[in-house]
Number of protein chains: 2
Amino acid sequence: MGLTQEDVERLDDIVKRTRPLHRGDFLFRDGDRFRSLYVVKTGSVKTFAPSPEGGEQVLGFHLPGEIIGLDAIDKDEHACSAKVLETSAICEIPFQRLEELTCSIPSLQHQMYRLLSKEIGHDTDMLLLLGKKNAEERLAAFLLSLSQRLHKRGLSPSDFYLSMSRHEIGNYLGLAVETVSRLFTRFQDDGLMRVDRKHIELLDLPALEALVGGNGQGRRQNQQR
Amino acid sequence: MGLTQEDVERLDDIVKRTRPLHRGDFLFRDGDRFRSLYVVKTGSVKTFAPSPEGGEQVLGFHLPGEIIGLDAIDKDEHACSAKVLETSAICEIPFQRLEELTCSIPSLQHQMYRLLSKEIGHDTDMLLLLGKKNAEERLAAFLLSLSQRLHKRGLSPSDFYLSMSRHEIGNYLGLAVETVSRLFTRFQDDGLMRVDRKHIELLDLPALEALVGGNGQGRRQNQQR
DNA sequence: TGGTCGTATTGATCTGGATCAAATATCTTC
DNA sequence: GAAGATATTTGATCCAGATCAATACGACCA
């Protein structure tokens, strides 16, 4: 990424490795003072925000290599909570230290901008998903997203375990649990995938991609010409 | 914001003022190479992304003081288009120049991080809106958002003109035009507001806030305990 | 002054997915 | 490893809001 060996070492110096966290542990809770960004090394984390009605909205599932906490820089306070879904190794990066570093390493600063920008782009994708896609397309998009992100980390893109519950998936996708469950069944019946409890095998990636990308008709709402 | 007079001048130096743009003009289109950020001085702009089905998703409406283009830093390419809704004055900030500047002015760098982070926070709010709120709550939230943002700029929080069509509002909120129209009528009948074409008068801000925040029951879906 | 076009409103109907209900499968705990 | 708690699946019903259809209202123009 345009960083010298020395730069990498300086960055490495400020990263804290914590002992493994376990299912249910919090990285932070909404309202906490913002101090650090977190990077998932292994395992997975979900972030979620309280909704005024007392429920919560799952904002994302974070897999190895992904960063958590960028939304808290603005207010210097976390607006969402982060909860570990399975035994996980997480790195902590004190933001103040990082900021000092990015001041003196232009290419690191650029990476930070890119990282923040990428997060915005990802949120944009979710807006499109929630605003324009039907249940089927949402679940297909979700599965493909997991698949692609795992693949990027060198894991199998078609055979993996879900660390989150159906309930959490539904919450994330703006669907009821029952709908998620029914879709899993349907996808399986259609030969797109095999589901056994948390174990997922994607049998027909191209078909799933077709579901997400432009076939179907979304919610058909607001037919834009 | 912790900037010295001199800092401000240096920032000011790289900002380009363009002649006023008119309804329908594009600041950029999706796919365009990313060069600059844009700040609305007067007027308004909408950003929207193509959806695979051929439609589009309105991502936001940008009022004076708001910045556009942050999502393009990552890929160095715009993923959405920005279209001017009414005669508007827009400033252009070449990003490369800005980046050089933020390297040498730590407090400016911090502001940039905050700006990017704030954008993420805003998207998060929209996710909650699209994922958990019903039509009524969405429109109320939309009106209040406009109200608050205009107020922040010293304009009336309760009397303003919409520069976007009902269609665009619906698209943005994930609702059909007809629903938006019906809700305007309903809100008016309930004495919450007065609507005449594009002219909006909010008569009962507290009631609108109550609609958004925690009364009602959202989509009641996924009742989180 | 009347005509055309695009936007908005209003009414009637339909439907995807939520909700309700219940059975079943899995995980926990002691 | 039995009892209770929790998560998932499956079926039946319901409804908010989409879709379809028709009308009304400007704005603009010849």
Nearest-angstrom distance from the residue atom CD of B:Glu137 to C1' of D:dA16: 12 Å

Out of D:dT8, C:dT19, D:dA18, whichever nucleotide has its closest atom nearest the side chain of A:Glu178: C:dT19

Residue pair A:Asp71 / A:His78, side-chain donor-acceptor N/O under 3.5 Å: no

Short side-chain N/O contact to C:dA18 OP1/OP2 from A:Thr179, under 4.0 Å: yes

Whole angstrom value for the distance that separates P of D:dA7 from CG of A:Leu162: 15 Å

Between A:Asp123 and B:His122, a side-chain donor and acceptor under 3.5 Å: no

d(CG, A:Leu130; P, D:dG17) in whole Å: 15 Å

Ring centroid separation A:Tyr172 to A:Phe48 under 6.0 Å: no

Atom pairs and distances, side-chain donor-acceptor, residues 181-192 of chain B, under 3.5 Å, sequence neighbours left out:
unit_1, atom_1, unit_2, atom_2, d
B:Thr185, OG1, B:Ser181, O, 3.0
B:Arg186, NH1, B:Glu136, OE2, 2.6
B:Gln188, OE1, B:Val195, N, 2.8

Nucleotide C:dG17, atom P - distance to CD of A:Glu136 in whole Å: 8 Å

B:Ile200 CD1 - C:dA8 C1' separation (whole Å): 13 Å

Distance in angstrom units between B:Leu173 CG and D:dA18 C1', rounded: 15 Å

Whole angstrom value for the distance that separates P of D:dA7 from CD of A:Glu168: 9 Å

Euclidean distance, atom NZ of residue A:Lys132 to atom P of D:dT19 [Å, nearest integer]: 10 Å

Exceeds 12 heavy-atom contacts within 6.0 angstrom, atom NE2 of A:His151: no

Proximity to DNA chain D (any heavy atom under 4.0 Å), residues of residues 182-198 of chain B only: B:Arg182

Heavy-atom side-chain contact between B:Asp204 and B:Met193 under 4.5 Å: no

Touch class at under 4.0 angstrom, heavy-atom based, for B:Ser165 against every strand present: sugar-phosphate

Any donor-acceptor N or O pair under 3.5 Å, side chains A:Gln57, A:Ser51: no

Among C:dA8, D:dA18, D:dT9, the nucleotide that comes nearest once only the side chain of B:Arg166 is considered: C:dA8

